[in-house]
Number of protein chains: 2
Amino acid sequence: MLRGDITVAIRNAVMKELAEVGYGRLSIEAVARRAGVGKTAIYRRWSNKLEMVMEIISDVAERKVPLPDTGSFSGDLSLLLMIVSTALQHRVASQIIPDLMAEAARNPQIAETLQRALRTHQQAVGEKLIGQAVARGELPAGTDPEVAVDLILGPLYWRLAVARQPIEEDYLEKFTVAVTAALRATG
Amino acid sequence: MLRGDITVAIRNAVMKELAEVGYGRLSIEAVARRAGVGKTAIYRRWSNKLEMVMEIISDVAERKVPLPDTGSFSGDLSLLLMIVSTALQHRVASQIIPDLMAEAARNPQIAETLQRALRTHQQAVGEKLIGQAVARGELPAGTDPEVAVDLILGPLYWRLAVARQPIEEDYLEKFTVAVTAALRATG
DNA sequence: AAACGGCGGAACGCAACCGTTACGTCGTAG
DNA sequence: CTACGACGTAACGGTTGCGTTCCGCCGTTT
């Protein structure tokens with residue numbers, strides 16, 4: 001019964017508004033204005049700002065990234081780094097993600113949603129990546145996927161989403177070498 | 001002329017309020033309420049929410065961390081990791097920093113203040129840490145301090161401030177080994 | 001003793017947004 | 001052709017916060 005095009009307009013407006021003003025300052029009225037839609041259309045779909053944002057965000061976040069399997073660990077790793085760094089360089093993502101992460105620190109419901117949406121999926125990627133490498137004999141058997149994920153995503157996230165420094169040409173390459181060495185050392 | 005104890009009360013209130021509701025939702029009136037102070041006392045000191053927060057934050061952020069020099073790279077590194085992880089585990093810091101980082105993505109003035117307060121200082125620590133290690137022959141001469149800082153702070157920040165996972169007993173130890181190996185490999 | 005000035009408190013007009021309601025329009029299903 | 005229901009618009013009363021102003025209190029300076 002609810003018109004699909006209106007829903008889409010609202011979803012887009014929420015994403016843009018989130019990127020521009022953040023969750024804390026996001027208002028239903030601004031979303032409605034931006035979407036060219038009445039407030040009623042929004043309240044007909046969700047009862048809350050929180051509920052609305054959570055539904056929209058988890059929808060977006062659950063679009064799964066294909067797990068790489070290029071045949072070698074360094075290949076898998078560079079591909080993963082490329083995918084993640086590209087994603088983190090998109091303006092909307094790099095604004096929304098840190099904002100919601102910060103918000104999650106004070107709102108348990110947001111925290112839970114993000115954990116489910118990101119952590120679970122990310123964990124799967126890490127386990128597959130490391131598992132493949134261990135199976136191929138490229139990493140020692142005791143390699144901890146959790147540590148690995150920290151070592152891989154941490155610096156990228158730090159550089160792109162926090163420090164907001166550009167990634168230079170050979171950075172990912174250097175980084176791949178460094179991470180590989182690091183993981184071999186922890187086994 | 002301005003009473004010092006009042007100023008202190010306001011500063012504390014701002015920090016607590018920042019941690020609880022974030023910059024976006026921070027209001028002068030709430031700060032005044034929390035500090036047990038009239039709004040006039042605040043406006044007598046700063047003219048804006050932005051100006052107020054920036055002054056208070058950069059004041060706090062500029063308290064310099066002593067640069068470690070334990071005699072060996074792994075010693076320096078574990079000490080640094082300990083200091084940073086302890087800092088990031090404080091409730092107020094782990095709430096305020098990601099929040100302001102996210103805010104910085106949309107407010108150039110906040111971005112500039114944070115860059116000056118954090119990046120500059122952090123860069124100095126990185127350069128000293130790596131410089132010492134290179135001088136001692138523990139790391140290859142070409143080691144890039146910028147990459148090193150990413151490799152060291154990134155995973156810690158990710159784990160503590162973003163993913164909000166606890167640090168287990170031997171994590172920092174493992175991590176020290178991993179980072180050392182990584183940095184040797186990039187030279 | 002008197003003047004000064006920072007203080008808290010209270011109120012100002014203004015703006016934004018909340019969540020809800022009433023109304024009139026319009027496309028579609030029956 | 002009619003009835004339904006989602007739509008936009010507009011308004012509601014209530015809340016919150018802005019930045020400013022005026023007041024009376026009180027400690028310090030002179």
Side-chain angles (χ1 to χ4, degrees), chain A residues 1-57 59 95-96 99-100 102-103 106-110 113, chain B residues 1-57 59 95-96 99-100 102-103 106-110 113:
Chain A
M1 317 192 164
L2 299 172
R3 274 173 51 187
D5 55 334
I6 302 282
T7 306
V8 169
I10 297 175
R11 300 180 107 89
N12 292 339
V14 167
M15 295 301 281
K16 284 182 193 161
E17 204 68 17
L18 266 185
E20 261 183 39
V21 304
Y23 178 84
R25 284 202 181 296
L26 180 137
S27 79
I28 302 271
E29 304 213 334
V31 170
R33 234 177 291 136
R34 169 163 236 146
V37 143
K39 278 201 292 180
T40 40
I42 296 180
Y43 280 108
R44 212 168 283 123
R45 288 166 172 78
W46 304 278
S47 59
N48 267 311
K49 161 171 141 180
L50 178 61
E51 192 184 300
M52 175 183 71
V53 172
M54 288 302 90
E55 204 248 54
I56 294 177
I57 285 298
D59 220 61
Q95 303 247 27
I96 292 182
D99 181 82
L100 288 180
E103 201 63 34
R106 49 183 95 90
N107 188 322
Q109 192 168 344
I110 295 184
T113 303
Chain B
M1 319 191 165
L2 299 171
R3 272 173 54 188
D5 55 334
I6 303 282
T7 306
V8 169
I10 297 175
R11 298 181 107 89
N12 292 340
V14 167
M15 295 302 282
K16 284 182 192 160
E17 205 67 18
L18 265 184
E20 261 181 39
V21 303
Y23 179 84
R25 282 204 181 295
L26 180 137
S27 78
I28 302 271
E29 303 214 333
V31 170
R33 235 176 290 136
R34 170 163 236 148
V37 142
K39 277 201 294 180
T40 38
I42 295 180
Y43 280 107
R44 211 169 282 124
R45 289 166 172 77
W46 304 278
S47 59
N48 269 312
K49 162 171 142 181
L50 178 61
E51 192 183 300
M52 175 182 72
V53 172
M54 288 301 91
E55 204 249 53
I56 294 177
I57 285 298
D59 221 60
Q95 303 248 29
I96 291 183
D99 181 82
L100 287 180
E103 200 63 33
R106 49 183 95 88
N107 188 322
Q109 193 169 343
I110 296 183
T113 303

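FYI, side chains are in, hydrogens and waters are out, and symmetry mates aren't considered; it's all heavy atoms of this structure. Lettering of chains follows the sequences in order, A, B, ..., and the numbering in each one begins at 1.
- A rotation axis mapping the C1' atoms of four pairs onto the next four is fitted at both ends of the helix from C/dA1-D/dT30 to C/dG30-D/dC1 over five pairs, and the angle between these axes is 10° to 10 degrees.
- Among the nucleotides D/dG17, C/dC17, D/dG8, the one closest to the side chain of B/Arg33 is D/dG17.
- Across the interface with DNA chain C, nearest-nucleotide mapping of B/Thr40 and A/Glu29 shows B/Thr40 to be the residue nearer the 5′ end.
- Distances shorter than 4.0 Å separate some side-chain N or O of A/Arg45 from OP1 or OP2 on D/dC7.
- Nearest to the side-chain atoms of B/Leu2 among the listed nucleotides D/dA6, C/dC7, D/dG17 stands C/dC7.
- Closest to the side chain of B/Tyr43, out of D/dT20, C/dG6, D/dG8, is D/dT20.
- A 4.5 Å side-chain heavy-atom check between B/Ile57 and B/Ile110 finds every atom pair outside the cut-off.
- Put simply, the side chain of B/Lys39 and the base of C/dG8 share no donor and acceptor less than 3.5 Å apart.
- Taking a cutoff of 4.0 Å between a charged side-chain nitrogen and a carboxylate oxygen, A/Arg34 and A/Glu17 qualify as a salt bridge.
- The shortest distance between the side-chain N/O atoms of A/Arg44 and the OP1/OP2 oxygens of D/dC7 is below 4.0 Å.
- Closest to the B/Ile6 side chain, of the nucleotides C/dC7, C/dG6, C/dC18, is C/dC7.
- B/Ala13 and B/Val31 get closest at one heavy-atom pair: CB-O, 3.7 Å.
- With respect to A/Glu55, the salt bridge (Lys or Arg N to Asp or Glu O under 4.0 Å) criterion is satisfied by exactly one of A/Arg45, A/Arg11, A/Lys49: A/Arg11.
- Applying the 6.0 Å contact sphere to CD of B/Glu51 captures more than 12 heavy atoms from other residues, nucleotides or ligands.
- Atoms CD1 and CE, from B/Ile96 and B/Met15 in turn, are 3.5 Å apart once rounded to the nearest 0.5 Å.
- Looking at heavy-atom distances under 4.0 Å, A/Arg25 makes no contact with the nucleic acid at all.
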